[in-house]
There are 2 protein chains.
Amino acid sequence: MSVTREKILELGEELILTKGYNGFSYQDISTVMGIKNAAVHYYFPSKENLGLSILKTNAQRFEEMVENMQNRGFNEWQQMEAFTKVYIKSNRENKICLIGSLGTDINTLTDPMRTELQKMVDRIVSWLELTLQNGREKGLFHFSMPPREMALRILASLVAGLQLARILNKTDFKAIHQSIWEEITPK
Amino acid sequence: MSVTREKILELGEELILTKGYNGFSYQDISTVMGIKNAAVHYYFPSKENLGLSILKTNAQRFEEMVENMQNRGFNEWQQMEAFTKVYIKSNRENKICLIGSLGTDINTLTDPMRTELQKMVDRIVSWLELTLQNGREKGLFHFSMPPREMALRILASLVAGLQLARILNKTDFKAIHQSIWEEITPK
DNA sequence: TTGATTTTACTTATTAGTAAGTATATTTGC
DNA sequence: GCAAATATACTTACTAATAAGTAAAATCAA
């Protein structure tokens with residue numbers, strides 16, 4: 001696949017995570033890349049098209065990560081740890097996540113983008129739920145609420161953890177994500 | 001104070017909470033109100049000016065709520081309950097909160113707005129921290145981590161709870177906010 | 001030379017913002 | 001008490017900048 005196309009996707013994603021979907025333009029992309037506006041339109045005819053591609057790329061990346069972890073025989077604890085690490089990296093880079101960013105702009109998105117976002121979040125919550133449930137059965141985690149509730153709670157902590165850390169202080173994210181582990185670690 | 005000005009502030013806030021700061025324009029306000037674009041500029045010369053006014057109005061509303069609760073002799077449990085109710089109402093109205101919305105757009109805001117946002121969030125976290133600490137001393141709450149960590153954790157749950165609920169399902173917010181109480185209620 | 005890629009040169013729409021004017025109150029000087 | 005001055009609350013009619021998007025020509029690479 002074209003290296004230009006890849007780079008546009010990468011930059012577009014970064015812009016969504018740093019300035020928000022309605023806070024960036026094709027100009028932002030073309031200027032940084034040293035190409036013309038129309039070249040971006042060549043690969044992604046519309047902004048919606050670009051946004052949708054970014055969403056699908058992300059959903060795919062998640063699936064690959066999950067598949068990869070299972071191939072390597074990661075247990076549920078290790079899988080949760082790896083998932084958390086993605087967020088720790090985002091925090092280090094002063095980025096929020098796609099869910100938090102597009103969640104804010106959801107009413108300005110087109111139906112295909114909204115649907116794709118819902119699909120992605122739903123998939124992540126389902127995976128978290130299953131991982132928490134299986135991990136609890138093995139005694140790797142300890143919590144009493146239904147796994148789906150716990151999944152939503154953990155995801156919410158991570159999503160808004162990044163936002164709060166960017167507003168207040170980067171180090172605040174650590175406090176938030178560590179408290180997740182305190183809650184689910186068996187005594 | 002002018003009723004038109006009040007209405008612009010109200011509508012502006014609603015637009016930030018539904019479409020995001022970079023997702024609405026003065027046109028959105030003037031069209032709904034049946035006035036001209038320039039009339040909005042008459043009250044708020046720039047969009048930054050409007051955004052700043054909305055932030056300050058919100059911060060003031062928070063202070064009034066806290067003051068009011070203390071005048072009425074609310075204990076810490078009741079105060080936490082009242083704070084949570086503000087978020088439950090937002091969820092009912094398909095709105096997210098100012099923190100989550102402006103948190104996404106923070107890098108596109110001017111310094112005065114960023115500073116005001118930080119000030120507001122800092123104030124809320126401090127209040128949460130103090131309320132949790134005092135409540136724990138009285139035996140109203142039970143938790144072992146430092147109060148500030150718990151404050152950040154609760155705020156993160158509420159902020160992203162609204163976002164996740166708007167993406168997935170309104171009822172998911174209930175699961176998230178109820179799990180907060182499960183965590184801090186003494187056994 | 002053919003197809004993929006990219007630029008040139010646009011269009012159309014929307015944005016924030018402004019200058020000047022108008023009608024209606026409200027205040028002030030006498 | 002009343003005319004003149006002034007403030008309030010807008011509208012009309014713009015500007016300059018930027019947005020997304022397009023058609024056609026030029027360039028490049030196999």
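In the text below, chain A, chain B and the rest are named by the order of the sequence lines, each starting its count at 1. Quantities reported herein were computed from a predicted structural model and do not represent experimental measurements.
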For this session: Look at the rings of B:Phe62 and B:Phe83 and say which category their plane angle falls in: under 30° parallel, 30 to 60° tilted, over 60° perpendicular.
Result: perpendicular
Exercise. What residues, two or more places apart in sequence or in another chain, satisfy side-chain hydrogen bond (donor to acceptor under 3.5 Å, both in side chains) together with A:Gln178?
Worked result: none
Problem set entry | Selection: residues 13-26 of chain B, any non-hydrogen atom under 4.0 Å of DNA chain C | B:Phe24, B:Ser25, B:Tyr26
For this session: Identify the 5'-most and 3'-most nucleotides of DNA chain C with at least one atom closer than 4.0 Å to a non-hydrogen atom of chain A.
Result: C:dA4 to C:dT8
Seminar exercise, completed: The salt bridge (charged side-chain N to carboxylate O under 4.0 Å, His left out) partners of A:Lys119 (sequence neighbours excluded) come to A:Glu116
Problem set entry | Contacts of type salt bridge (charged side-chain N to carboxylate O under 4.0 Å, His left out), residue A:Asp28, not counting sequence neighbours | A:Lys19
For this session: Any side-chain hydrogen bond (donor to acceptor under 3.5 Å, both in side chains) involving residues 90-102 of chain A? Give me the pairs, sequence neighbours left out, ordered by first then second residue.
Result: A:Glu93-A:Lys95
Problem set entry | In one Ile/Leu/Val/Met/Phe/Trp/Tyr side-chain cluster, 4.5 Å: A:Leu140, A:Leu130 | no
Exercise. What bend angle does the helix from C:dT1-D:dA30 to C:dC30-D:dG1 show across its length, from five-pair end axes and to the nearest 10 degrees?
Worked result: 30°
Seminar exercise, completed: Output for pair (A:Ile184 CD1, A:Ile154 CD1), nearest 0.5 Å, gives 4.5 Å
Exercise. Who are the ring pair (Phe, Tyr, Trp, His ring centres under 6.0 Å) partners of A:Tyr21, not counting sequence neighbours?
Worked result: none
Exercise. Of all nucleotides in DNA chain D with an atom under 4.0 Å from a non-hydrogen atom of chain B, which is the first and which the last going 5' to 3'?
Worked result: D:dT8 to D:dT12
Seminar exercise, completed: Closest non-hydrogen contact found for A:Gln133 with A:Pro147 is CB-CG, 3.9 Å
Could you list the donor-acceptor pairs under 3.5 angstrom formed by side chains in residues 29-39 of chain A, with sequence neighbours left out?
unit_1, atom_1, unit_2, atom_2, d
A:Ser30, OG, A:Tyr26, O, 3.2
A:Ser30, OG, A:Gln27, O, 3.2
A:Thr31, OG1, A:Gln27, O, 2.7
A:Asn37, ND2, A:Gln27, OE1, 2.5

For this session: List in numerical order all residues of residues 38-48 of chain A for which some heavy atom is under 4.0 Å away from an atom belonging to DNA chain C.
Result: A:Ala38, A:Ala39, A:Tyr42, A:Tyr43
Exercise. Looking at A:Glu10 and A:Arg5, does any basic side-chain N land under 4.0 Å from a carboxylate oxygen?
Worked result: no
Problem set entry | Salt-bridge criterion met for A:Arg61 and A:Glu13 (N-O under 4.0 Å) | yes
Seminar exercise, completed: Smallest heavy-atom separation, B:Ile167 atom then A:Gln118 atom, equals O-CG, 3.0 Å
For this session: Not counting sequence neighbours, list each pair that qualifies as a side-chain hydrogen bond (donor to acceptor under 3.5 Å, both in side chains) and has a residue in residues 137-146 of chain A.
Result: A:Glu76-A:Lys138
Exercise. Please walk me through it: do B:Leu9 and B:Ser53 pass side-chain contact (heavy atoms from CB on, under 4.5 Å)?
Worked result: CA-CA 8 Å; B:Leu9 274 173; B:Ser53 300; 3.7 Å; yes
